[in-house]
Amino acid sequence: MSDEPQRQQPGQGWAPRRPPTADASRGTAGGTPRRTGRRRLLPTWRTALGGLLIAALLVVGGFFLGYHLVQIPAANALATQQSNVYLYADGSVIARDGEVNRENVTLDRISLAARHAVLAAEDRDFYTESAIDPQAMLRAAWNTATGKGKQSGSTITQQYVKNYYLRQEQTVTRKVKEFFISIKLDREQSKDQILEGYLNTSFFGRGAYGIQAAAHAYYGIDAAELDAGRAAYLAALVNAPSKYDVITHPENRDAVERRWNYVLDGMVDEGWLDAGERAALTFPTPRRTTLPTGLSGQRGYIVNIVKNHLVQHGIVDEAALDAGGYRITTTLHKDKQDAFVDAVNDNLMDRLDRENRKVDTYVRAGGASVDPKTGKVVAMYNGIDYVKQYTPNATRRDFQVGSSFKPFVFTAAVEHDSRTQDGRRITPNTVYDGTSERPVQGWGGRYAPENEDHRDYGDITVREATDKSVNAVYAQMAVDVGPDRVRQTAVDLGLSEDTPSLDDAGPSIALGVATASVLDMAEAYATLANHGRHAAYTMIEKVTRGTETIALPERRTRQAVSRQAADTTTAVLRGVVENGTATAAQSAGRPAAGKTGTAEEDTAAWFAGYTPDLATVVAVMGQDPVTAGHKSLYGAMGLPRINGGGAPAEIWGQYTREALRGQPARSFDLRLQPGAWQTQPPSDAPSSSSSSSSSDDPGDEDGTAPDDEDTGGRTPDGTGTRTDSGRTGDGDGDEGRTGDDGGTDGTGGTSGEGNGDGTTDDTTGRGNGQGGGRGDGDDANGDDARGRNGLTDALTPHHRRDR
């Protein structure tokens, strides 16, 4: 190494540094070239990759976080609301109640064509695809967020989630929830369950939610009955319910038919519809006037009465009914219901002049019709329109029933073998004093009722007093029987124990001061028509909710009064229709029995009557439409007064004729009390009844019935009657009785030993007059027995003479 000083190298010390060469700009040894210009703004591949990895982690993490955080919620309130559907006995719809017109049905109650049509319209790959369509979901969310219009989920699963679990608002938050709930739901429910839910929650227009309600709203049929053409139209509606209703928007028919064709073509493409069948289809125009879902007319009355019946009888509680979803089949017959409305309109409402007669604005009508054998209510009339007159006139209990109560007094008399104050047995031919305002005998206080128009009848038989509705006779009879017994008989026949003014009425109970409902009275008269066997009325045939059938109370019948008591009353009431105050009821064109009635001050007029097949009660009532107070009907319809033999009997006659049209007219088959038509023997002692027989009702010297009241085999109208031959004339015998409540064939009864010759009150017996023998078990005491023992065909008067 040299000891000489070294030369200083250029660039060292203070000399200025040279600019870097091009090679230096590439970086340090082996480094990456430096980025200049716009390139410096772009991320490196490492940065991009890192960012993608982070984004992927965030997405995956967010998905799992969202999946675990978003739970399937409870159904929204709208989705669970259903209407209760009320049906006639034939299955046709009466009405639907509730704010939401929806009836959920299971998938097997929706036709296959309807299911395929909806899939073809909304989601053809439903059964093979996943629950969501991410592309459609993102597109819908973006368009909604940027204000380009509302978008909905594309799959059926997503639409069902929106309908059932979420609200209808179009927001990003709702879309996110819909996304996660749809995925979870697809894992927890089958495709069939989701499709069923979707079909029950979709809106189809006309206020109909769900395909069952839609099928009724547009075509008046169940969803199970939808064919391909109708189903395709309903499927098209889901896309634009209001716009595609061709009845309300006929201008859109071309667009609707294009959509309809699109659905059908989709069904063919998917193999769900035969091409030949598709080619033969024509556009199924929906009904212009469909079954209304409102409660106007009679519908609202029926719905509320049936609701009360369900609750009061413990069939369905009120809270459950409010939740909806029940399908309630009633016992009402649509043809009879319509006939009742027509009869009221023709004989009453159309004859009113509300503009010129104020009293006509007071007129109300109520009616109820019951099948005597079953107790089923087949028709009701409650008012002109539920939305105009809210109170149901068939079930209200605030108008007196008037003289329509009198048959219960006579039934009680026969049932208890009652006697007059002077000891004579009460029968149709018992003679009473019919003088108006005659004080009732045998009663602690003074009671002297007046007859209608203050008319005096003098001596008159019970039969005539019933024909003419004589108050003096029946007030006395009520005391002779005992008011408590009369009350109990009325309850046994069918009146409610809670009937106002039924208790503690005294002799006035006979005049109908009680305020029973029309329906109560129909039940009681049905018991008379059914030979004394009582079946509480019912108006429910079947109740279901989804696949569940609700248990109904067990139906029971019982012998409320003996057949003799009921049938003897019927025989008397035949005269009211044939010769008395209810001749207008003859327009029914068949054998009938009944009784008219008028409330105090003519605030109501009644006719209660029956044939062997139908018991019906009609009442015309007066009520102020403003104050709701009771009003007299003097001058209504331009007549001096309204009575039971007028409009009520006329309504009854027309309704009964139409309700039973096509059914053969049947005669009454009656078994009468012993000596039913025997003239009462004279009495020398003073009494409440006359001692002489009625001059208007002469009988044979031997006590037989008059010729115009044939008690043997047939009554004058062809009605079969029988009397009891198991009793002797002096009452020593006894008719055959069964050992239990009518549950046997009547055998095993006790023998009624006669006086040797077998003579009886009403006929001549055979052998020793034994009354045991064979009954048919029709009532509890065996008085339906036939043949040579027990009750036999009574002999006619001319038969007696021949013997």
Side-chain angles (χ1 to χ4, degrees), residues 89 330-333 336-337 339-340 367-380 394 404 407-408 411 415 489-495 516-541 555-574 576-577 582 585 588-595 606-618 652-653 655-672 715 717 719-721 742 776-780 783-784:
T330 71
T331 59
L332 299 174
H333 293 197
K336 292 181 175 61
Q337 188 69 32
F340 220 144
S369 188
V370 176
D371 182 338
K373 296 296 183 185
T374 64
K376 294 179 179 180
V377 181
V378 297
M380 287 187 293
S404 60
F408 307 154
T411 301
E415 177 70 7
T489 298
V491 171
D492 290 342
L493 290 172
L495 263 60
S517 72
V518 170
L519 190 53
D520 290 339
M521 293 293 285
E523 178 179 332
Y525 272 73
T527 304
L528 294 175
N530 196 30
H531 309 295
R533 292 194 68 83
H534 172 264
Y537 76 77
T538 181
M539 56 187 68
I540 308 298
E541 195 74 63
R555 298 286 297 150
R556 296 180 179 179
T557 61
R558 59 181 174 82
Q559 195 72 35
V561 297
S562 68
R563 178 162 186 171
Q564 291 176 358
D567 286 4
T568 306
T569 300
T570 297
V572 171
L573 297 183
R574 289 284 292 112
V576 178
V577 176
R590 57 185 65 221
K595 184 69 185 75
W606 297 68
F607 180 69
Y610 50 94
T611 71
D613 303 296
L614 200 61
T616 305
V617 176
V618 179
W652 187 95
Y655 163 73
T656 301
R657 182 179 67 248
E658 296 303 317
L660 296 178
R661 183 178 294 277
Q663 297 185 33
R666 292 201 304 128
S667 298
F668 290 98
D669 182 16
L670 305 179
R671 318 285 194 272
L672 307 184
T715 56
D717 69 324
T719 302
T721 63
D776 64 0
D778 192 63
D779 63 46
D783 49 43
D784 190 35

Do the side chains of N530 and K373 get nearer than 4.5 Å, heavy atoms only? yes
Could you tell me whether a side-chain N or O of R590 sits under 3.5 Å from a main-chain N or O of L660, the two making a donor and an acceptor? yes
Sequence-distant partners of R666, salt bridge (Lys or Arg N to Asp or Glu O under 4.0 Å), two or more places apart: D613
Would a 4.5 Å heavy-atom cut-off, applied to side chains only, mark Y610 and V370 as touching? no
If you look at every heavy atom in A592 and R574, which pair is closest and at what distance? O-NH1, 2.5 Å
Q559 side chain to H531 backbone, donor-acceptor under 3.5 Å: yes
Could you tell me if the side chain of L614 sits less than 4.5 Å from the side chain of Y655, heavy atoms only? yes
If you measure from CD on Q564 to CZ on R671, what distance do you get to the nearest 0.5 Å? 10.5 Å
Can you find a heavy atom in the side chain of V518 that is under 4.5 Å from one in the side chain of V618? no
Can you name the ring pair (Phe, Tyr, Trp, His ring centres under 6.0 Å) partners of W606, sequence neighbours left out? none
Has E415 got a side-chain atom pairing as donor or acceptor with S562's backbone, closer than 3.5 angstrom? yes
If you define the side chain from C-beta out and look only at heavy atoms, does anything of R533 sit under 4.5 Å from T527? no
To the closest 0.5 Å, what do you measure between NE2 (H333) and NZ (K376)? 7.5 Å
Which is it for V617 and W652 under the side-chain contact (heavy atoms from CB on, under 4.5 Å) test, yes or no, and what are the steps along the way? CA-CA 7 Å; V617 176; W652 187 95; over 6 Å; no
In Å, rounded to the nearest 0.5 Å, how long is the span from CG of D567 to CG of L672? 7.0 Å
How close do G532 and A566 get, heavy atom to heavy atom, and via which atoms? N-CB, 3.3 Å
Quick check: do P407 and L573 have side-chain heavy atoms less than 4.5 Å from each other? yes
Under the 3.5 angstrom rule, does the side chain of S369 hit a backbone N or O of V378 as a donor-acceptor pair? no
Would you name the heavy atoms of M521 and S404 that are closest together and state the gap between them? CE-OG, 3.3 Å
Closest contact, heavy atoms only, A394 versus S517: O-CB, 3.7 Å
Do F607 and T616 have side-chain heavy atoms sitting under 4.5 Å apart? no
For A522 against A615, the heavy-atom pair lying closest together: O-CB, 4.1 Å
Starting at OG1 of T374, measure out to CD of E541 and round the result to the nearest 0.5 Å. 8.5 Å
Residues in ring pair (Phe, Tyr, Trp, His ring centres under 6.0 Å) contact with F408, at least two apart in sequence or another chain: F405, Y525
Please check: side-chain N/O of R563 versus main-chain N/O of L670, any donor-acceptor pairing under 3.5 Å? no
What's the verdict on side-chain contact (heavy atoms from CB on, under 4.5 Å) for H534 and T557, showing C-alpha distance, side-chain angles and the deciding distance? CA-CA 5 Å; H534 172 264; T557 61; over 6 Å; no
Might you point out which heavy atoms bring A379 and F340 nearest each other, and give the distance in Å? CB-CD1, 3.8 Å
